[in-house]
Amino acid sequence: MIPGFPLKSFPLNYHTIPNLKYVLPLGEGRYTMKALFIHSDFIEYEARKKTKLAEDISSDKMKNRVEEVLVVFISFEKRDEGKEADSAKALVANVEEIAGKVEVKRIVLYPYAHLSSSLAKASSSITILHTAESQLIEKGYEVHASPFGWYKSFNISCKGHPLSELSREIVAGEEESKDSDVSDAVKAEEKMRSTWFVLDVEGNEHPLNLDNNVVKGYAFNDNINLKKFCQYEMAKSRISKGEPPHVDLMKRLELVDYEPGSDPGNFRYYPKGKLMKSLLERYVTDEVKRTGGMEIESPIMYDYEHPSLKSYMNRFPARQYTIQTPDKKVFLRFAACFGQFLMMHDATVSYRSLPVRLFEMSRYSFRAEQRGELTGLRRLRSFTMPDCHSFCTDFEMAKKEAISRFDLSWTVLQNIGLEIPNDLEFAIRATKEYYDENKEFIVGLVKKWGKPALVEQWNERFFYFVFKYEWNFVDALDKASALNTDQMDVENAERYGITYTGSDGEKHYPIILHQSPSGAIERLFYALLERAHLKSLQGIKAQLPFWLSPTQVRLLPVKDEFVEDCLALAEKLPGRVDVDDRDLTVGKKIRDAEREWVPLIIVYGDNEKSSGQFQVRVRGQDEQPMTKDELAKVIKEMQKDMPFEPLPLPMNLSKRVIFRG
RNA sequence: GCCACUGUGGCAUAGCCUGGUAGCGCGGCUGAUUCGUAAUCAGCAGGUCGAGGGUUCAAAUCCCUUCAGUGGCUCCA
């Protein structure tokens, strides 16, 4: 046992220790060494006895004590042999990075064979050690290398703060040996240039530029939201206006809430919120299936070491939840692509079956978004994403698919309660090459949309797609969030080995469309609530679509003696009907029902009982007289043929739990 | 992840600057009230002041750490 050395393993947590790119899963044929970094109050060591491999050292280096120091225990591995220069360089880079973080200028390099079971030759190791030593000295560090190949005694004190203990596998020759698509992606990103313009319905392009951080180049006039959207996308300028209104609404209406007992960005749904979520999920699922989507289900976690996934992950690292299973380290899916692609990889597909449309309501998908990016329901770490992939023979088929999915989204979002296209702004992003070759198609989409769109054109392809579009909701704080989106993927068929057999008998890679017809379900809550808030600013009563309202009809008995009648009536009426049987004045009951945005409110007393006529408060309209049958008819009309679920709470208000004050 | 701000009964908040017994409203419970279209009256209960540590005779209050939320930056496959 090592004196003063804690006996424990050194697990790495990708989320608490950022940017540990060197510990991402390593492929075969990489050159690594193992290193253990300890930020110490002091270390003292003394060489006691030579081994066969011992280097000759002067007597003054036999014994040493160093304080306020970063100690690097290191073992060089077989795989480092022949890569001495690169290994030393990689070691220096790691030491510098960690020394910078813990703010020390004093380093002890401590050769420590026990970290590895496949050690490099002594000569090779000594070369790396002293090359790194002299490089660090050149960079201005005070460096002590403990004697190589000696039995040594040592005492060390570890500071114990989060970064004081780190272990790493260090990759030598990093730049050269990284997967080529990683460096391609990085290079492409550096070279990526965006050109922005507004494309109007006649197909005219209006180039945009930033003048003093204000978007210029198009007369926006009535298109206030398009202007805000362009400003948001191009200038990234944001003015603080406080907390987004939907956050207060989601709590006050007892729909959704933060869950401090989980990880940030993971929410709880109260019965009313869960009802709405179920209805939305069901509706989107039904519509996709109605238009030929085949619903499937796939796992939520995936193996880092799976060949297809590995190359994808290397391209987009470090935004996943990582989980240790009993056997391996896996990541949680951040989209349903993985499951669907792996399924299609194994499928036998003829061109005759294309387009193939797979669909999954991925509950959940996970993204470990940065803390500062999480806001209410707009951006989460776990979310429910309707994810459709269409596998197409070629670009022509992909375009036709994109158009039919465009129409589907229109219907879906309209029925969910948004006004299309007025509530949303259209963004199109494409490579210049794709745009130029498919301008007719793109202008056709804008014509269908009926309003001008923002276009972002890339000088070359950076992402896996050549074309995508989004419908963006602009909220009360002038922030934009994408709902429906569709992407034309030219890269992943090859990566995942997805092929179909063409009429020529040969294997071909399909073009893959990625679409979410509605955007994340949570984001629909956000859009509906923000929209209601925006309407209320214009003097229009905030409300939810009838089919999503947790309570659709509320009966208010004037006295206790009418409660029985109301309960009986509630059972007979269609829709979600409840009864406010609490011992309160009518005024108070009305007020509470209005604050809950109940669409139909009915006071029930002697008059109603004797006449059979109800005075119905229709939200957003005047009171209307109706008979019971007329009321039932109105409820059915308002419900249309949207999905229905019964009341998720006791019918008597007096029996309900209050989840929030 | 970085910077700033915030955290007090279920909810919403006063007190914090300038340390000295934690206050109000809503909601809940009990009782009265049986009421006609946006808050009926009275009483009662409920708080280790987000958590942990420190300074002090004494901490909701000052300091440090941490968790959570919001805003900004970065980010958004």
Side-chain angles (χ1 to χ4, degrees), chain A residues 14-20 101 161-162 185 189 232-233 236-244 247-248 251-252 254 257-266 312-320 333-335 337-338 365 367-376 378-381 383 385 462-465 468 470 472 477 479-482 485 487 489 491-492 495 514 520 523 541 554 556-563 580-596 598 601-609 614-617 622-623 654 656-661:
Chain A
Y14 288 177
H15 297 295
T16 56
I17 306 170
N19 302 321
L20 287 193
K101 278 186 184 154
H161 61 75
E189 186 171 21
Y232 180 81
E233 285 291 317
K236 310 283 181 195
S237 57
R238 281 137 225 202
I239 309 139
S240 166
K241 291 185 192 170
E243 187 178 76
V247 172
D248 182 53
K251 296 181 193 173
R252 219 203 67 219
E254 286 194 318
D257 211 339
Y258 296 103
E259 177 49 80
S262 180
D263 197 46
N266 290 261
Y312 198 43
M313 299 305 279
N314 281 344
R315 179 156 177 172
F316 302 107
R319 278 292 164 88
Q320 314 84 34
R333 65 176 173 195
F334 43 84
C337 304
F338 309 103
S365 285
R367 289 184 200 176
E369 305 286 12
Q370 295 179 57
R371 282 299 304 276
E373 298 162 8
L374 300 166
T375 313
R378 196 172 151 245
R379 198 94 178 270
L380 299 167
R381 283 189 174 175
F383 50 94
M385 184 63 89
F462 169 58
F463 302 103
Y464 56 75
F465 44 83
K468 79 176 287 199
E470 308 138 19
N472 290 277
L477 307 181
K479 295 192 178 185
S481 303
T485 177
Q487 305 169 343
D489 176 352
E491 192 176 291
N492 281 308
R495 169 172 287 123
H514 302 233
R523 204 170 261 187
K541 273 192 182 176
R554 175 158 301 165
L556 310 184
V558 165
K559 292 191 258 184
D560 285 353
E561 61 177 282
F562 298 112
V563 170
D580 192 346
D581 60 337
R582 296 174 300 171
D583 180 16
L584 296 172
T585 58
V586 173
K588 184 65 193 295
K589 292 181 185 181
I590 296 267
R591 185 182 143 80
D592 283 356
E594 294 282 355
R595 277 174 57 80
E596 271 188 64
V598 175
I601 303 169
I602 296 154
V603 176
Y604 187 97
D606 280 316
N607 300 343
E608 287 71 22
K609 192 176 170 108
F614 306 134
Q615 283 295 321
V616 183
R617 282 178 80 116
D622 296 331
E623 282 183 27
S654 66
R656 286 189 187 170
V657 169
I658 298 162
F659 291 99
R660 281 205 57 113

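Every chain is numbered from 1, with letters handed out A, B, ... down the list of sequences.
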For [X], give me all partners under side-chain hydrogen bond (donor to acceptor under 3.5 Å, both in side chains), at least two apart in sequence or on another chain.
{"X": "A:Arg582", "result": "A:Asp580, A:Asp592"}
{"X": "A:Asn607", "result": "none"}
{"X": "A:Arg367", "result": "none"}
{"X": "A:Ser654", "result": "A:Asp581"}

Can you confirm whether A:Arg381 sits close enough to A:Arg371 that some side-chain heavy atom of one is under 4.5 Å from a side-chain heavy atom of the other?
yes
Using atom [atom1] in both nucleotides, what's the gap between [N] and [M] to the nearest angstrom?
{"N": "B:G10", "M": "B:C29", "atom1": "P", "value": "15 Å"}
{"N": "B:G15", "M": "B:G20", "atom1": "C1'", "value": "14 Å"}
{"N": "B:U65", "M": "B:C73", "atom1": "C1'", "value": "24 Å"}
{"N": "B:G25", "M": "B:A68", "atom1": "P", "value": "35 Å"}
{"N": "B:G50", "M": "B:C17", "atom1": "P", "value": "15 Å"}
{"N": "B:C3", "M": "B:U56", "atom1": "C1'", "value": "32 Å"}
{"N": "B:C5", "M": "B:C16", "atom1": "C1'", "value": "15 Å"}
{"N": "B:G9", "M": "B:U61", "atom1": "P", "value": "14 Å"}

Mind checking what makes salt bridge (Lys or Arg N to Asp or Glu O under 4.0 Å) contact with A:Arg656, not counting sequence neighbours?
A:Asp578
side-chain contact (heavy atoms from CB on, under 4.5 Å) partners of [X], counting only residues at least two apart:
{"X": "A:Glu561", "answer": "A:Lys559"}
{"X": "A:Val616", "answer": "A:Leu600, A:Ile602, A:Phe614, A:Val618, A:Met626, A:Leu631"}
{"X": "A:Arg252", "answer": "A:Leu249, A:Arg595, A:Trp597"}
{"X": "A:Ala593", "answer": "A:Arg554, A:Val598, A:Ile601"}

Does the structure show a Watson-Crick or G-U wobble partner for [N], both distances under 3.5 Å? Name it, or say none.
{"N": "B:A60", "answer": "none"}
{"N": "B:U18", "answer": "none"}
{"N": "B:C26", "answer": "B:G10"}
{"N": "B:G31", "answer": "B:C41"}
{"N": "B:U66", "answer": "B:G50"}
{"N": "B:G71", "answer": "B:C3"}

Gap between atoms [atom1] and [atom2], on [X] and [N] respectively (whole Å):
{"X": "A:His514", "N": "B:C76", "atom1": "NE2", "atom2": "C1'", "result": "16 Å"}
{"X": "A:Asp263", "N": "B:A68", "atom1": "CG", "atom2": "P", "result": "7 Å"}
{"X": "A:Leu380", "N": "B:U70", "atom1": "CG", "atom2": "P", "result": "10 Å"}
{"X": "A:Gln370", "N": "B:G72", "atom1": "CD", "atom2": "C1'", "result": "13 Å"}

Any donor and acceptor pair, going by atom type alone, linking the side chain of [X] with main-chain N or O of [Y] inside 3.5 Å?
{"X": "A:Glu608", "Y": "A:Gly605", "answer": "yes"}
{"X": "A:Lys479", "Y": "A:Tyr232", "answer": "no"}
{"X": "A:Glu623", "Y": "A:Gln615", "answer": "no"}

Please tabulate the protein-to-nucleotide N/O contacts below 3.5 Å involving nucleotides 33-35 of chain B, giving atom names and distances.
residue: B:U33; atom: N3; partner: A:Asp583; partner atom: OD1; Å: 3.4
residue: B:U33; atom: N3; partner: A:Asp583; partner atom: OD2; Å: 2.8
residue: B:U33; atom: O4; partner: A:Asp583; partner atom: OD2; Å: 2.6
residue: B:U34; atom: O2; partner: A:Asp560; partner atom: N; Å: 3.1
residue: B:U34; atom: N3; partner: A:Asp560; partner atom: OD1; Å: 3.4
residue: B:U34; atom: N3; partner: A:Asp560; partner atom: OD2; Å: 2.8
residue: B:U34; atom: O4; partner: A:Asp560; partner atom: OD2; Å: 2.8
residue: B:C35; atom: OP2; partner: A:Lys559; partner atom: NZ; Å: 2.8
residue: B:C35; atom: N4; partner: A:Asp583; partner atom: OD1; Å: 2.4

Determine, for nucleotides 7-14 of chain B in 5'-to-3' order, which nucleotides have protein heavy atoms under 4.0 Å from the base (write B), from only the sugar-phosphate (write S), or from neither (write -).
---SSS--
Protein within reach of the bases, or only the backbone? For nucleotides 46-53 of chain B, mark each nucleotide 5' to 3' as B, S or -, using heavy atoms under 4.0 Å.
--------
Considering only side-chain heavy atoms of [X], which listed nucleotide, [options], is closest?
{"X": "A:Asn607", "options": "B:A38, B:G1, B:G36", "value": "B:G36"}
{"X": "A:Arg379", "options": "B:G36, B:C76, B:G71", "value": "B:C76"}
{"X": "A:Glu243", "options": "B:G71, B:A77, B:U70", "value": "B:U70"}
{"X": "A:Lys588", "options": "B:C75, B:A39, B:G36", "value": "B:A39"}
{"X": "A:Phe463", "options": "B:A77, B:U70, B:A38", "value": "B:A77"}
{"X": "A:Pro264", "options": "B:G69, B:A38, B:G71", "value": "B:G69"}
{"X": "A:Arg371", "options": "B:A77, B:G1, B:G36", "value": "B:G1"}
{"X": "A:Arg617", "options": "B:A77, B:C75, B:A38", "value": "B:A38"}
{"X": "A:Arg367", "options": "B:A68, B:G36, B:C76", "value": "B:C76"}

Any N or O donor-acceptor pair under 3.5 Å from the base of B:G36 to the side chain of A:Glu608?
yes
Do the side-chain N or O atoms of A:Tyr258 get closer than 4.0 angstrom to the phosphate oxygens (OP1, OP2) of B:U70?
yes
Residue-phosphate contact under 4.0 Å: A:Thr375 side-chain N/O, B:U70 OP1/OP2
no
Identify whether any heavy atom of [X] sits under 4.0 Å from a base atom; if not, whether one sits that close to sugar-phosphate; answer base, sugar-phosphate or nothing.
{"X": "A:Gly372", "result": "base"}
{"X": "A:Glu470", "result": "nothing"}
{"X": "A:Arg252", "result": "nothing"}
{"X": "A:Gly587", "result": "sugar-phosphate"}
{"X": "A:Lys609", "result": "nothing"}
{"X": "A:Leu374", "result": "sugar-phosphate"}

Between A:His514 and A:Tyr464, does the ring centre distance come in under 6.0 Å?
yes
Would you check if there is a donor-acceptor pair between the side chains of A:Asn472 and A:Glu470 at a distance under 3.5 Å?
yes
